[in-house]
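Taking it in order: structure first as structure tokens, then the write-up.
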Amino acid sequence: MRATLNALLLSRWAKPVVFALALVPLVWTVWLAWTGELGAEPILESVKQSGLWALRFLLIALALTPLRVFTGVAALARFRRMLGLFAFFYASVHLLTYVGLDQFFDWHAIGTEILKRPYITIGMGAFVILTALAATSTDGMVKRLGGKRWRALHRGVFLAGLGGCLHFLMLVKGWQTAPLVYGALCAGLLALRRWPLRLPNPRTVRTLAPKPQDG
Amino acid sequence: QVPTTRKPADAALDTVTPIKSATTYNNFYEFGTGKADPADGAKALRTRPWEITIDGEVAKPLTIGIDDLLKVSMEERIYRLRCVEGWSMVIPWIGFPLAELLKRVEPTGNAKFVAFQTLMDPERMYGQKSWVLEWPYTEGLRLDEAMHPLALMAVGMYGEILPNQNGAPIRLVVPWKYGFKSIKSVVKITLTKTQPPTAWNRSQPREYGFYSNVNPEVDHPRWSQATERRVGDFSRRKTLPFNGYGDEVASLYTGMDLRVNY
């Protein structure tokens, strides 16, 4: 089972398929907007959906390493960068729809909101972190920064994740369930880094570990 | 169909929001916090039999079945509705002035406020099982606000019986205040000496005041109230003080600091 999964994930179709799947939420939302099925407030709904998907991809990307360690499906590591970049992509769509559609490039209002509203300040902070991580996501940047510094910088992803969850929690009215669930998942994934699960079968993991350039 | 005598308010100049938007984009946390939740979830709400009790500081307390209550003459009022979240609609309501109902029970000299309560039914209103607010939902007005001719008890909209997701069988509509003041599915009205607790104010007192008059000058602590998007529009528009009903209602607040009494 583990070997089959690994083989499947290592096939040359795996990445294009995952890439295409990751675009489904975007295509679906655009389709709903086009056909007028995005509800009474399509602008707010697109802002909301892109934000949710940014958070979801961030959590999926964060879950890959614990999942790899826990299941021994080493090939999961191949998808970490791509899914992390999709989190950045959806966060960019989120910001662009807010700036361009919701506020219609009212820079004064946007600037004021970023400074004045803590939930937007925090959301922008998370976006700045994600931008830095996306910019340093190439193999060239890993080399230039050196593995140690690169890893230290990319631990910022947890800050971005927690920031995203806090942003969500702070913008809704009342204590709603969804942002609490996202927050708990993010905190749980962070905790797993501190108290990692034992490898079920270190040998399998070692033999199937991807080459560094698969990164 | 509810018999109506059309009485357009000045909001008639605004374009009426499509009925589909008004019935599918709702805040009714008794049926979940998503905007589309009530349209589906409120189908479970049973609006018959339904009684309203009016008690407290009144000479003639009253408990009346909804069908008996509906025997008053109805009128249509086209009102703007401004949600505290920053969106707005224009809705043709059908109903009668709250003042008429209050006069029937003869408020005593002690009555200074009016408290409203929504049905409590966690089996059907499954949102009441969550901790998002303290249930049942409560709201309140000062007596002079409640007696104002613009304050409406609505039982219909768009020429039809009020859909469940919009607060059937009877709800309050106070067009110069943020939408959450216009409590839905009312079962109890109590006249009181002191200011009654209200659901959102109990939940987050700094964010939702007792008065909650629409006011572009006073921000919600987490967002600006200067602009709003009319549902269906692309761009935002400026929010008007008292939601554009200042000529009618501003005098209720003469001498009050509306930044303090937000």
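Just so it is clear: chains get the letters A, B, ... in the order the sequence lines come, proteins before strands, and each one is counted from 1.
- For a residue to count as touching a neighbouring chain, one of its non-hydrogen atoms must lie under 4.5 Å from one of that chain's; by this rule Glu85(B) touches chain A with the side chain only.
- In this structure, chain B has a heavy atom under 4.5 Å from the side chain of Glu113(A), while its backbone stays farther away.
- Between Ala40(A) and Tyr25(B), the shortest heavy-atom contact is CB-CB, 3.5 Å.
- Scanning for ring pair (Phe, Tyr, Trp, His ring centres under 6.0 Å) contacts around Tyr208(B) gives Phe180(B), Trp200(B), His220(B), with sequence neighbours left out.
- Between Lys35(B) and Leu44(A), the closest side-chain pair of non-hydrogen atoms is not below 4.5 Å.
- With a 4.5 Å cut-off on non-hydrogen atoms, Asp106(A) does not touch chain B at all.
- Separation of atoms CH2 (Trp175(A)) and OG (Ser203(B)) is listed at 9.5 Å; rounding is to 0.5 Å.
- Under the ring pair (Phe, Tyr, Trp, His ring centres under 6.0 Å) criterion, Trp131(B) pairs with no residue at all, not counting sequence neighbours.
- Proximity to chain A at a heavy-atom threshold of 4.5 Å picks out Arg222(B), Trp223(B), Ser224(B), Arg229(B), Val231(B), Gly232(B) from residues 222-232 of chain B, in numerical order.
- You'll find the side chain of Arg236(B) stays beyond 4.5 Å of the side chain of Phe104(A), heavy atoms only.
- Only the backbone of Leu171(A) comes within contact range of chain B, with heavy atoms under 4.5 Å apart.
- Side-chain atoms of Lys116(A) and Asp219(B), non-hydrogen and from C-beta on, do get closer than 4.5 Å to each other.
- With sequence neighbours excluded, the residues satisfying side chain to side chain donor-acceptor pair (under 3.5 Å) with Arg56(A) are Tyr182(A).
- Residue Pro18(B): no heavy atom, backbone or side chain, is found under 4.5 Å from chain A.
- For the pair Ile43(A)/Trp87(B), no side-chain contact is recorded, criterion being any heavy-atom separation below 4.5 Å from C-beta on.
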